[in-house]
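Read through the structure below, which is laid out as C-alpha cells, and then see the notes.
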There are 2 protein chains.
Amino acid sequence: MARRLHAPMTSHTEENYLKAIFKLAEKTAKAVSTNAIAAEMRTSAASVTDMLKRLAEKELIHYEKYRGVQLTEQGSQLATALIRKHRLWEVFLVDKLGFAWDEVHDLAEQLEHVQGSGLVERLDTFLGRPKFDPHGDPIPDAEGRWAFRQQVALNTLQPGDKGVVTGVDEHSTEFLQYLDQLGLALGARLELLERYPYDQSVRIRTADGRELTLSEKVGQNLYVKVS
Amino acid sequence: MARRLHAPMTSHTEENYLKAIFKLAEKTAKAVSTNAIAAEMRTSAASVTDMLKRLAEKELIHYEKYRGVQLTEQGSQLATALIRKHRLWEVFLVDKLGFAWDEVHDLAEQLEHVQGSGLVERLDTFLGRPKFDPHGDPIPDAEGRWAFRQQVALNTLQPGDKGVVTGVDEHSTEFLQYLDQLGLALGARLELLERYPYDQSVRIRTADGRELTLSEKVGQNLYVKVS
DNA sequence: TGTTGTTTTTAGGGTGGTCTAAAAATAACG
DNA sequence: CGTTATTTTTAGACCACCCTAAAAACAACA
Ligand SMILES: [Mn+2]
Ligand SMILES: [Mn+2]
Ligand SMILES: [Mn+2]
Ligand SMILES: [Mn+2]
C-alpha cells in the first residue's frame, strides 16, 4: 500500500487489540497471554500472534515469544485515549441522542476510531466534561488520569447497609435490560435487607419501597457506593 | 475471510466509491468514466477497475467494460444515505461542537461510515431535522428526497440585484477561510454593484455597508438566492 | 525426569484493497 | 480510414488482516 499519505498511524484493528490488552492487563497484573487476547477479541490465537508482531514492531507492546505481552507507555496512552473516546461517545449517545444504556456499545466501538484534531476535547466540553459513562465506568481525562470511585459489589454489603448504584461489571444487553426491568438504574438508592448464604442471593429494598431478590450473579455484577 | 458474521454489507471503501460515482453522475448525466472516479478518489485507474468489478458483483452499479458505470437503484440509495449521514454529521460538528465550516469535512468523511440502527434518525432529530449542511448543501431526508433551493452563482447577478449567500461550490479550506476573511458567511445579504467584463470580477456591497471586489473564481463558487 | 496436555507459534493460504507496468480497447485526427 | 493518442483493463505483486492445521515450546505431574 506504500503507506498512504495522511493515513493514521494505527489502524482500527490495532486500536481494538490495544484496548483489549489494556482491559486484560487491568484484571491480571501479569503479562497478558495470547489466548486471553484471542478470547477477548473473538479471534484465533494465530491471528493474535500475527498482530502482536506488528504491535511490537511499532513499539506499542513489549512482546517476547511465549512470554505474553505488556503495553508500552505509548501503547498504554493510546489505549487510554481510546477508552476516553469510547466512553465520551457513549455519554453522547445516551445523554444527547436518547439511546438506552444497553444500545450504545457497538456504536461507540466504531465512533472511538474517528480521528481528527480537537474532536475529543470539543466533544468532552459539549458533554460537560463527564467523569463517568452511562455504565458508571470512569472516563480518563485528556492527560490520561482516571477518576477513582469508591464502590463495591452489591453482594459484599451486610444487612442494614444502604448504598447507591454506581456501575455494572457486565455490559451485556441482557443484564442491562434486566436491570431496567427491575428499575435499577445508575443512581438508584437501595438498602440490603438480607443475605441468603444457600445460593448467595440477596434481598434489597429500593428507594420507592419495592423489595427485590437478586441472584448471586446480579449481586456480583452490580456496583454500589455505600452511604 | 469467510465473510465475518456481523460485518456490514458494504465496506468504507465501497461506500466512498459509491459516493464519488454519485457525485460525478450528478454533474455529467452520462455514464461515469474510470478515470473520473480515479481522479475523484485520488487513486489509480487500475484500482478503480478492480473496485468496479466488486461493486457490479454486488449489483450496486451497472458496469460494462470500457463503457463507464451508473449506479443501480440500490447503489443510488446507498450513496444518498451516505450523503445524508455525512451532512448531518457536518451540522453536528459545526452547530453542536463549534467547529468552523472548513474543518468538518474530513471528520464527516469518517463519521458517515458509522453503522447502527436508529443512529441517523436520532441524530437528525437531535439536530432539528436540518435541510442544509454548513456549506449550504441540501440534506436528503430519510426517504432520499432532496430539498431544492433556488440559487444561482453570484457572477450571474446583474448590477442592482440583491441576494443572500446560500452555498458554495468549492469546499476547500482555502476558499472557505477566504470567505470568512471577507465576512461572507451563509446567510450574508449582499447587493451586486458592478460587473467588470475585463476579468469577470464583480463588485458587491454587504449588509454592513462594506464594498468588496470578488474575482471570477469567487463569483463562480458562491451561490446566492436572489431576493 | 520423562510423558502428557496445553499454549503458542509457524506454515500456508484467502480476501480486500492498493500499486506499477504492460497490453488491449476506444477515441481522435490527419 | 489508418495511424496516433488516450483510456481502460489485465498482469503481477504487496500489505493488512483473517483462517486452519501442524509443529514447537512450555507447564504439569506421575
Ligand atoms: Mn472499536
Ligand atoms: Mn461503557
Ligand atoms: Mn468517507
Ligand atoms: Mn458539506
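Residue numbers start from 1 in every chain, and the chains themselves are labelled A, B, ... in the order their sequence lines are given, proteins ahead of strands.
Considering only side-chain N and O atoms, A:Ser44 lies nowhere under 4.0 angstrom from the phosphate OP1 or OP2 of D:dC18. Residue A:Thr34 places at least one side-chain N or O under 4.0 Å from the OP1 or OP2 atom of C:dT9. Taking only side-chain nitrogens and oxygens, B:Tyr66 never comes nearer than 4.0 Å to OP1 or OP2 of D:dT6. In this structure, A:Tyr63 reaches the C:dT9 phosphate: one of its side-chain N or O atoms is under 4.0 Å from OP1 or OP2.
Rounding to whole angstrom units, CG of residue A:Asp50 and P of C:dG14 are separated by 16 Å. Atom CD in B:Glu14 sits roughly 15 Å away from atom P in C:dT15 (whole-Å rounding). Counting to the nearest Å, the P atom of D:dC26 and the CZ atom of A:Arg67 are 6 Å from each other. Note: CZ (B:Arg54) to P (C:dG16) measures 6 Å, nearest angstrom. The separation between B:Met51 atom CE and D:dT8 atom P is 17 Å, rounded to whole Å. Atom CG in A:Asn35 sits about 13 Å away from atom C1' in D:dC26, given to the nearest Å. Rounded to whole Å, atom P of C:dT18 lies 14 Å from atom CZ of B:Arg42. Between the NE2 atom of B:His12 and the C1' atom of C:dT15 there is a distance of 17 Å, rounded to whole Å.
Between A:Phe99 and A:Phe92, the distance from one ring center to the other does not fall under 6.0 angstrom.
Take the nearest nucleotide of DNA chain D for A:Ser47 and for B:Lys53: the residue whose nucleotide is more 5' is B:Lys53. If A:Thr43 and A:Lys65 are placed on DNA chain D by their nearest nucleotide, the residue sitting closer to the 5' end is A:Thr43.
No cation-pi contact links B:Lys217 to B:Tyr178, judged by a cut-off of 6.0 Å to the six-membered ring centre and 45° from its axis.
Of the charged side-chain nitrogens involved, at least one lies within less than 4.0 Å of a carboxylate oxygen, so that B:Glu112 and B:Lys19 count as a salt-bridged pair. Checked for salt-bridge contact, B:Glu14 and B:Lys58 meet the test: a charged N lies under 4.0 Å from a carboxylate O.
Between D:dT10, D:dA21, D:dT9, one nucleotide has an atom nearer to the side chain of A:Ala46 than all others, and that is D:dA21.
Residue contacts for A:Thr49: at a heavy-atom cut-off of 4.0 Å it reaches a base atom on one of the strands shown.
Rounding to the nearest 0.5 angstrom, the gap separating the CG atom in B:Leu179 from the CD atom in B:Gln177 is 10.5 Å.
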